[in-house]
Amino acid sequence: MAEFIYTAMNASGTEVKGTIDANNESSAREKLIAQNLSVTSIRKEAEMTWEEYFSKNNRSINQRDIMMFTKYFAVLTKAGIPIIKSLVILEKQVDNLRLKKKVKKIRVGVEAGSNLFEQFSHHPETFPPMYLSLLKIGEESGMLYDMLDKLNMFLKKSAALKGKVKSAMIYPVVIMCVAGLVVIFLMAFVIPRFSAMFKSFKSTLPLPTQIVIAISNFVQNYIIYEVLGAVAIGWAIKAFYAWPVGRQIWDKVSLKIPLVGALTVKYSINAFCSNLAVLLKSGVSISKALEITNDSIDNLILKSEFSQMRVNVEAGMSIGDAVAKSPSMPDMVGQMISIGDQTGTLENMLENISSFYEEEVDQLVDALTSLIEPLFIVFLGGVVGSIVIAMFLPILQMSKAVQH
């Protein structure tokens, strides 16, 4: 929700000013009209001042910010500090300006008589469904500290694994960028020196040398177009990924890539099982837990498969059979979940599966990293070696000519 500043006339004709929270301007006007106010002006309050906007603490809210906020909130709750007082302390403690402003809005709402869950639910872009569900359970059951502590442990574990997977995915891109920069440096600054020297040669240059010099000239002469082209390609990739159909195509293709596909599936299974275990242990119904868990899956193809599980369970199928019907779920996972469901140890079984796949993800990340490093060395060595050979071929030609 956003905050709107308004000026209005009440029933007695007196001008009143104030602020109101609403999803948009139209909704804000409707709320004011419902209070028998005639709106004369309304505008959305600026989220930040210019000073705040350029502050180093004005950054996107990441998982670490939420994790630290949850950790401090749990500590304050355990100490017996009232919720409003805790929120006041947290508002001062939080560094991230965007999160600080959200905490302030939550605190103001709670002070006005609203419950904690309702105020947190106004910020779904920051606090995901799983977070909100456990918070609601904790508030209603009087076990807020237990739920916050559980959330803190879950976020910490999830962030660590997500960081490893993200690093493994970004690593090849970084390697290719470094290789590209090395080649561009050679073409733009090293090859021109050789090219100037070769102009004094009266013999025809070898074909490899001619090709390298031609590429070097192209890099130098069209540098602006090359930069614009790189930016355009980057923008096109981003737009393609943001396009629903493009995102679905990429998610489908990524599952077919060796190692990357296996890493995506195993990471998703880990997230599915760990989230489901936490929710079921907290008393969330199986159907609701599956719905919330599905929101934590990034790959659209797997998300669709996991979503079908909930549909099957709601239709009367057991959780074990529903999981077994998913094409991406290994037979072992379906069998273990089925055994856990039949023996009443489903939550513990899910935790065991989660731990197993966490180790599998770690091993795949190590394998991916160890494979990329030698490939990069061979690739870069081959490119640089080819350029060096192409540059020294004319010199070798000249030395042979002198000997003869």
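The figures that follow rest on heavy atoms only: side chains count, while hydrogens, waters and symmetry mates do not.
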Calculate, to the nearest 0.5 Å, the distance between atoms CD1 and CE belonging to I292 and M130 respectively. 8.0 Å
Taking every heavy atom of L134 against every heavy atom of S282, the minimum-distance pair comes out as CD2-OG, 3.2 Å
Would you check if F240 and I249 make a side-chain contact, meaning some heavy-atom pair closer than 4.5 Å? yes
Would you find a donor on one side and an acceptor on the other, under 3.5 Å apart, between the side chain of S354 and the backbone of C273? no
Any donor-acceptor N/O pair, Q210 side chain to L205 backbone, under 3.5 Å: yes
Under 3.5 Å, is there a donor on one side chain and an acceptor on the other for N275 and S296? yes
Any side-chain heavy atom of N299 within less than 4.5 Å of one from S254? yes
For the student: nearest non-hydrogen atoms of V39 and A8, plus distance: CA-CB, 3.9 Å
Can you tell me if S338 and Q342 form a side-chain donor-acceptor pair at under 3.5 Å? yes
Can you confirm whether M67 is buried at CE, in the sense that more than 12 heavy atoms of other residues, nucleotides or ligands lie under 6.0 Å from that atom? yes
Report yes if some heavy atom in the side chain of V383 is under 4.5 Å from a heavy atom in the side chain of L186; otherwise report no. no
Any donor and acceptor pair, going by atom type alone, linking the side chain of K266 with main-chain N or O of V361 inside 3.5 Å? no
Say whether T345 and T343, considering side chains only, have a donor N or O and an acceptor N or O under 3.5 Å apart. yes
Interatomic distance, L37 atom CG to I42 atom CD1 [nearest 0.5 angstrom]: 10.5 Å
Tell me if a side-chain donor or acceptor on T209 pairs with a main-chain N or O of A390 at a distance below 3.5 Å. yes
Is there a side-chain contact between E226 and F218 (heavy atoms, below 4.5 Å)? yes
Determine, stepwise, if the pair R247 / D251 fulfils salt bridge (charged side-chain N to carboxylate O under 4.0 Å, His left out). CA-CA 6 Å; R247 169 77 184 276; D251 284 352; 3.1 Å; yes
For the pair F120 and Y131, name the ring-plane relationship: parallel under 30°, tilted 30 to 60°, perpendicular over 60°. parallel
Mind checking whether H123 and F127 have parallel, tilted or perpendicular rings, split at 30° and 60°? perpendicular
Worked verdict on H122 versus K105 for side-chain contact (heavy atoms from CB on, under 4.5 Å): CA-CA 9 Å; H122 289 163; K105 288 183 178 180; over 6 Å; no
Heavy atoms of other groups near K102 NZ, more than 12 under 6.0 Å: yes
S216 (side chain) donor-acceptor with V212 (main chain) under 3.5 angstrom: no
Side-chain (N294) to main-chain (L290) donor-acceptor, under 3.5 angstrom: no
Give a yes or no on this: more than 12 heavy atoms of other residues, nucleotides or ligands lie within 6.0 Å of atom CG of D331. no
Measuring only between side-chain heavy atoms, which start at C-beta, is D362 closer than 4.5 Å to L161? yes
Side chains of L87 and L116, heavy atoms from C-beta outward: is any pair under 4.5 Å? yes
Measuring from L350:CG to S355:OG, what's the distance to the nearest 0.5 Å? 11.0 Å
Do you see a donor-acceptor pair shorter than 3.5 Å between the side chains of N312 and Q308? yes
N/O donor-acceptor pair under 3.5 Å between S158 side chain and F154 backbone: no
Would you mind reporting whether M176 and F379 have side-chain heavy atoms less than 4.5 Å apart? yes
Main chain of F73, side chain of T77: is a donor-acceptor contact present, judged purely on distance under 3.5 Å? yes
Answer whether the closest heavy-atom distance between the side chains of I269 and P330 falls below 4.5 Å. yes
Supply the atom-to-atom distance L280 CG to I286 CD1, rounded to the nearest 0.5 angstrom. 4.5 Å
Looking at every non-hydrogen atom in both residues, tell me the closest pair between S195 and I213 and how far apart they are. OG-CG2, 3.7 Å
More than 12 foreign heavy atoms under 6.0 Å from CE of M153: is that the case here? no
Pair K164-E358, salt bridge (charged side-chain N to carboxylate O under 4.0 Å, His left out): steps then yes or no: CA-CA 11 Å; K164 290 180 183 178; E358 186 176 349; 5.7 Å; no
Donor-acceptor check, side chain of S274 to backbone of N270, threshold 3.5 angstrom: yes or no? yes
At what distance, to the nearest 0.5 angstrom, does CZ of R310 lie from CD of E291? 5.0 Å
Can you name the closest pair of heavy atoms from P192 and Q220 and give their distance? CG-NE2, 3.3 Å
Might you point out which heavy atoms bring F117 and E139 nearest each other, and give the distance in Å? N-OE1, 3.0 Å
Main-chain N/O of I297 paired to K303 side chain as donor or acceptor, under 3.5 Å: yes
Which pair of non-hydrogen atoms, one from E314 and one from S287, has the smallest distance, and what is that distance? OE2-OG, 2.6 Å
